[in-house]
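Accompanying notes for the structure given below.
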Amino acid sequence: MALPQLSDEQRKKALEKAAKVRKERAEIKKKLKMGNLKIKDILDRKNDEVVAKMSVKSVIESLPGIGKMRATKIMEELGISESRKIKGLGDNQTKALLDRFK
């Protein structure tokens, strides 16, 4: 699939939007790490463009006291694929996450 040809202005806008989204996601992860946000707050925003495309694994890794290995183990226990995005979580997976991180 070929990428669409963008004008310089369209490319600039797309790059600015991408940078803004990355910054917002980094801020969300920082708030999770500090305990200012809970996993429920993230799941409540699953239709928000910024949150929807975040990987579940990166969200879990951002929780206090959880690193890459524990996040991988938790996702296996809950039956969530490592590539799953927040928007793609099913009802059972969402409930399992909420139960795990009350």
Side-chain angles (χ1 to χ4, degrees):
M1 182 170 147
L3 294 175
Q5 295 296 318
L6 300 176
S7 69
D8 288 342
E9 186 166 327
Q10 288 173 320
R11 183 175 287 108
K12 182 180 177 188
K13 284 183 180 180
L15 289 171
E16 287 172 356
K17 181 180 177 184
K20 180 181 175 224
V21 168
R22 280 193 304 272
K23 185 176 181 179
E24 287 181 44
R25 287 181 184 151
E27 188 63 31
I28 288 170
K29 289 178 187 180
K30 181 180 174 184
K31 287 180 179 179
L32 280 167
K33 186 62 87 180
M34 293 177 8
N36 295 339
L37 274 180
K38 303 290 182 205
I39 196 119
K40 182 183 184 330
D41 301 324
I42 301 301
L43 295 174
D44 286 345
R45 292 177 53 188
K46 88 191 294 185
N47 293 323
D48 178 348
E49 179 183 81
V50 174
V51 173
K53 293 184 181 177
M54 290 178 75
S55 74
V56 175
K57 185 174 182 184
S58 72
V59 170
I60 293 173
E61 287 173 2
S62 298
L63 293 169
I66 298 179
K68 293 181 185 299
M69 296 303 291
R70 273 191 76 199
T72 300
K73 185 178 177 189
I74 290 167
M75 290 185 66
E76 286 175 7
E77 290 171 6
L78 299 179
I80 301 173
S81 168
E82 282 202 34
S83 61
R84 179 72 60 208
K85 304 291 184 199
I86 295 293
K87 179 173 76 173
L89 286 171
D91 292 337
N92 291 337
Q93 293 171 328
T94 300
K95 184 180 180 324
L97 278 171
L98 289 172
D99 289 345
R100 178 69 182 249
F101 299 105
K102 288 184 180 178

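Computation of the quantities below employed the complete heavy-atom set of this structure, encompassing side-chain atoms and omitting hydrogens, waters and symmetry-equivalent molecules. The structure displayed is predicted, hence computed values, not measured ones. For the single chain, residues carry numbers from 1 onward in sequence order.
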Lys29/Lys33 under side chain to side chain contact (heavy atoms under 4.5 Å, CB included): CA gap, chis, key distance, verdict: CA-CA 6 Å; Lys29 289 178 187 180; Lys33 186 62 87 180; over 6 Å; no

Chi angles and distances behind the side chain to side chain contact (heavy atoms under 4.5 Å, CB included) call for Gln93, Arg84: CA-CA 10 Å; Gln93 293 171 328; Arg84 179 72 60 208; 4.0 Å; yes

Residue pair Lys20, Glu24: steps toward the salt bridge (Lys or Arg N to Asp or Glu O under 4.0 Å) verdict: CA-CA 6 Å; Lys20 180 181 175 224; Glu24 287 181 44; 3.7 Å; yes

Salt bridge (Lys or Arg N to Asp or Glu O under 4.0 Å) between Asp41 and Lys38, worked out: CA-CA 5 Å; Asp41 301 324; Lys38 303 290 182 205; over 6 Å; no

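A distance of 9.5 Å separates OG in Ser55 from CD in Glu82, rounded to the nearest 0.5 Å. With values rounded to the nearest 0.5 angstrom, Lys17 atom NZ is found 12.0 Å from Leu15 atom CG. With values rounded to the nearest 0.5 angstrom, Arg11 atom CZ is found 13.0 Å from Glu16 atom CD. Between Leu78 atom CG and Lys73 atom NZ the span is 11.5 Å, to the nearest 0.5 Å. For the atom pair CE of Met54 and CG of Leu32, the computed distance is 7.0 Å after rounding to the nearest 0.5 Å.
Taking the side chain as every heavy atom from C-beta outward, Lys40 and Leu98 approach each other to under 4.5 Å. In this structure, the side chains of Lys53 and Ile86 stay at 4.5 Å or more apart for every pair of heavy atoms. Between Arg45 and Ile28, some side-chain heavy-atom pair lies under the 4.5 Å cut-off.
Of the N and O atoms on the side chains of Lys46 and Thr94, at least one donor lies less than 3.5 Å from an acceptor on the other residue.
Between Asp99 and Lys95 a salt bridge is recorded (basic side-chain N to carboxylate O distance below 4.0 Å).
With Arg25 contributing its side chain and Val50 its backbone, the two residues share a donor-acceptor pair below 3.5 Å.
Counting heavy-atom neighbours within 6.0 Å of Lys85 NZ, excluding the residue itself, gives a total above 12. Heavy atoms from other residues, nucleotides or ligands lying under 6.0 Å from CD of Glu77 number more than 12. Around the CD atom of Glu49, the shell of radius 6.0 Å holds no more than 12 heavy atoms that belong to other residues, nucleotides or ligands. Crowding of Asp91 atom CG: a count of heavy atoms from other residues, nucleotides or ligands under 6.0 Å not exceeding 12.
Nearest heavy atoms, Leu89 versus Leu97: CD1-CD1, 3.7 Å.
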Using residues 60-72 as the side-chain source, report each donor-acceptor pair under 3.5 Å to any protein atom, sequence neighbours left out, with the distance given to one decimal.
residue : atom : partner : partner atom : Å
Ser62   : OG   : Ser58   : O            : 2.8
Arg70   : NH1  : Gly65   : O            : 2.9
Thr72   : OG1  : Lys57   : NZ           : 3.1
Thr72   : OG1  : Lys68   : O            : 2.9

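A single hydrophobic cluster is not seen to contain both Leu6 and Val21; linkage of ILVMFWY side chains at heavy-atom distances under 4.5 Å, directly or through other members, places them apart.
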